Amino acid sequence: MQTVLAGKRVLDLTQNVAGPYCTQILGDLGAEVIKIERPLTGDDARAWTPPEWSGQSPTFLALNRNKRSLCVNLDDPEGQQVVAQLARSCDVVVHSMKPGSAESRALGYEDLRQGHGRLVYCAISAFGQVGPLRGLPGYDPLMQAFTGIMSVTGNEGDAPARVSVSLIDMGTGMWAAMGILAAMLEVERSGKGANVTTSLLETGVAWMTIFVANFQASGRLPMRLGSGMTMMTPYEAFPAADGHVFIAAGNDRLFGQVCRGLGLDALADDPRFATNPARVLNRQELRIALESATTRLPAAEIVRRLQALGAPCSEMHDVAQMLDHEQVAAVGIVQKLPIEAGDDHRVLGLPFSLDGSRSSDHTAPPALGSATDDLLAEAGYSRATIDHLRRRGAIG
């Protein structure tokens, strides 16, 4: 997998989550990623502690493997020139500045594509490149509120609840990487680069696709159903004697298997529950009937019975249980990553394989500015020029 983008260079001017996740994906696929950071402080995520791992932010470690760090002051004209010079030797430039910020520093798409027609340029923003809110900052939970995601999470009557996973940030990083890969294919086809744009707003709206479709069909705002789903049931968590189990009966046949596994065979033929539309209309009655069986059995026993019949279900795992599960180990997504001045750190690799191969040959997330001198020397800067830039404060 590390050969997919071998020989490609990525200039990464992002921080926090969305942009670094995008460029980490590209690095996992073999691209050389040059991470531009502020002198002294670097990526904001470096300070997101506690907790710590070997004195470092776990969030930063999770999003910045396979990169080299170069400290540049983007508010200094000579620092801006350094970045523009580096961009000339890169295939991809990614930034997460507010719309207009890169252009004000002569680092916009039109600036950097001059003499570099094959450049793939990607701008990640909060609200998008156009519109009345284009200049506002945004973070994952804020965008979950804005795009309606919080209106459909949690239980009806409770206070709004965010999805704890940074699904908008990481989703935006995925869309950005997908857009970059599509643009790179276009470069190979036509020789012309492209300007890829995406935003947290667009990702949040996209995740609402099914809710929007159902709203248009019914004219009714979706209810908050906790672990359940509006258009299907049973498709939610049920209490067991010692915890909870999630049961997902995606069709009538599987519902019959659930009933059989729980010793409730008659439910499958009950006209109130025989079809999914009927079950949705009689959701509460069905839940009461199923709970009469699940609450008497341990979660592990429910899972054993239902899995033996091919009915989808799962115990409720916490993070530790998930990491240690034999199935997770079997697919190989949990990998060891060497960390400088610390023990190996377990990280999660890319969630796909090519011909049975998963990206796994990782380098540790870089210390702040650790490759500054080497990268500038490789770009043709003399020792005297590097010293001048550092005295001026243009680099760190």
Side-chain angles (χ1 to χ4, degrees), residues 10 12 14-26 28-29 45 59 62-63 92-99 109 120-154 160-186 194-232 235-236 248 250 333 348 350-352:
V10 177
D12 177 6
T14 71
Q15 61 174 340
N16 298 333
V17 178
Y21 189 58
C22 163
T23 53
Q24 179 169 274
I25 292 171
L26 303 179
D28 280 2
L29 293 175
T59 302
L63 300 167
V92 178
V93 172
V94 189
H95 78 76
S96 56
M97 304 180 205
K98 292 180 183 178
Y109 177 58
V120 172
Y121 186 95
C122 179
I124 300 170
S125 62
F127 285 93
Q129 299 296 315
V130 297
L133 304 184
R134 63 190 291 270
L136 295 181
Y139 291 90
D140 188 288
L142 184 152
M143 302 309 292
Q144 287 192 35
F146 187 94
T147 60
I149 290 175
M150 280 196 194
S151 77
V152 299
T153 57
R162 67 177 287 249
V163 180
S164 295
V165 174
S166 295
L167 80 167
I168 291 186
D169 276 339
M170 297 180 72
T172 302
M174 291 169 57
W175 290 122
M178 195 180 306
I180 288 167
L181 292 171
M184 295 176 80
L185 287 174
E186 176 62 20
N195 183 15
V196 179
T197 61
T198 189
S199 66
L200 306 185
L201 169 68
E202 292 164 89
T203 297
V205 171
W207 290 157
M208 294 296 287
T209 293
I210 294 175
F211 288 99
V212 168
N214 288 336
F215 171 67
Q216 292 181 103
S218 68
R220 295 190 300 272
L221 291 172
M223 295 177 60
R224 296 159 67 199
L225 295 172
S227 64
M229 180 176 285
T230 303
M231 62 282 194
M232 192 181 305
Y235 208 87
E236 59 193 295
I333 192 171
L348 306 180
L350 291 182
F352 67 91

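Please read all numbers here as calculations on a predicted model, not as lab measurements.
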Student: Short question: side chain of Arg224, backbone of Gly154 - any donor-acceptor pair under 3.5 Å?
Tutor: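 Checking the backbone N and O of Gly154 against the side chain of Arg224, no donor-acceptor pair under 3.5 Å is found.
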Student: Could you check if a side-chain atom of Leu201 sits within less than 4.5 angstrom of a side-chain atom of Met143, using non-hydrogen atoms only?
Tutor: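 Yes, their side chains come closer than 4.5 Å.
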Student: List the residues meeting side chain to side chain contact (heavy atoms under 4.5 Å, CB included) with Ala194, not counting sequence neighbours, and say none if there are none.
Tutor: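 With sequence neighbours excluded, Ala194 shows a side chain to side chain contact (heavy atoms under 4.5 Å, CB included) to Ala183, given in chain and number order.
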Student: What class does the angle between the rings of Phe146 and Phe127 fall in, given that below 30° is parallel, 30 to 60° is tilted and above 60° is perpendicular?
Tutor: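 Taking Phe127 first and then Phe146, their aromatic rings stand perpendicular (interplane angle over 60°).
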Student: With side chains defined as the heavy atoms from C-beta onward, is the minimum distance between Asn16 and Tyr139 less than 4.5 Å?
Tutor: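 Yes - at least one pair of side-chain heavy atoms lies under 4.5 Å apart.
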Student: Hey, what do you get for CG (Leu29) to CD1 (Ile25), rounding to the nearest 0.5 Å?
Tutor: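 The distance works out to 8.0 Å.
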Student: Before giving the answer on side-chain contact (heavy atoms from CB on, under 4.5 Å), spell out for Leu225 and Ser227 the whole-Å C-alpha distance, their side-chain angles and the decisive distance to 0.1 Å.
Tutor: CA-CA 6 Å; Leu225 295 172; Ser227 64; over 6 Å; no
Student: Do Pro351 and Ile333 make a side-chain contact, defined as non-hydrogen atoms from C-beta onward lying under 4.5 Å apart?
Tutor: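 Answer yes - side chains close enough.
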Student: State whether the number of non-hydrogen atoms from other residues, nucleotides or ligands found under 6.0 Å of Ile210 atom CD1 is greater than 12.
Tutor: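 It does not: Ile210 CD1 has 12 such atoms or fewer within range.
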Student: Find out whether His95 and Ile124 are in side-chain contact, i.e. whether some heavy atom of one side chain is under 4.5 Å from a heavy atom of the other.
Tutor: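 Not in contact.
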Student: Got a sec, which residues hit side-chain hydrogen bond (donor to acceptor under 3.5 Å, both in side chains) with Gln24, two or more places apart in sequence or on another chain?
Tutor: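 Result, side-chain hydrogen bond (donor to acceptor under 3.5 Å, both in side chains) vs Gln24: none returned.
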Student: Can you name the closest pair of heavy atoms from Leu200 and Ala18 and give their distance?
Tutor: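 Closest approach of Leu200 to Ala18, heavy atoms only: CD2-CB, 4.2 Å.
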Student: Report the C-alpha distance between Val10 and Val94 in whole Å, list the side-chain angles of each, state the deciding distance to 0.1 Å, and finish with yes or no for side-chain contact (heavy atoms from CB on, under 4.5 Å).
Tutor: CA-CA 7 Å; Val10 177; Val94 189; 4.2 Å; yes
Student: Does Arg134 use its side chain to pair, donor to acceptor, with the backbone of Gln129 at less than 3.5 Å?
Tutor: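 Answer holds: yes.
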Student: Would you call Pro141 and Met150 a side-chain contact if the rule is heavy atoms closer than 4.5 Å?
Tutor: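 Side-chain contact under 4.5 Å: yes.
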Student: Enter the distance from Ser151:OG to Leu221:CG here, rounded to the nearest 0.5 Å.
Tutor: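 Going from OG on Ser151 over to CG on Leu221, the span is 7.5 Å.
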Student: State, to 0.1 Å, how close Gly128 and Pro99 come at their nearest heavy-atom pair, and which atoms those are.
Tutor: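 Closest approach of Gly128 to Pro99, heavy atoms only: O-CG, 3.5 Å.
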Student: Using residues 161-182 as the side-chain source, report each donor-acceptor pair under 3.5 Å to any protein atom, sequence neighbours left out, with the distance given to one decimal.
Tutor:
residue : atom : partner : partner atom : Å
Arg162  : NH2  : Ser164  : O            : 3.4
Thr172  : OG1  : Ile168  : O            : 2.7
Thr172  : OG1  : Thr203  : OG1          : 2.8

Student: Supply the atom-to-atom distance Gln15 CD to Ser96 OG, rounded to the nearest 0.5 angstrom.
Tutor: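 Reported to 0.5 Å precision, the distance equals 6.0 Å.
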Student: Identify the heavy atoms of Pro222 and Val152 that sit nearest to each other, and give their distance.
Tutor: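 Nearest heavy atoms, Pro222 then Val152: CG-CG1, 3.5 Å.
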Student: In Å and rounded to the nearest 0.5 Å, what is the CE to CE distance from Met223 to Met229?
Tutor: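 Nearest 0.5 Å value for the CE-CE distance: 15.0 Å.
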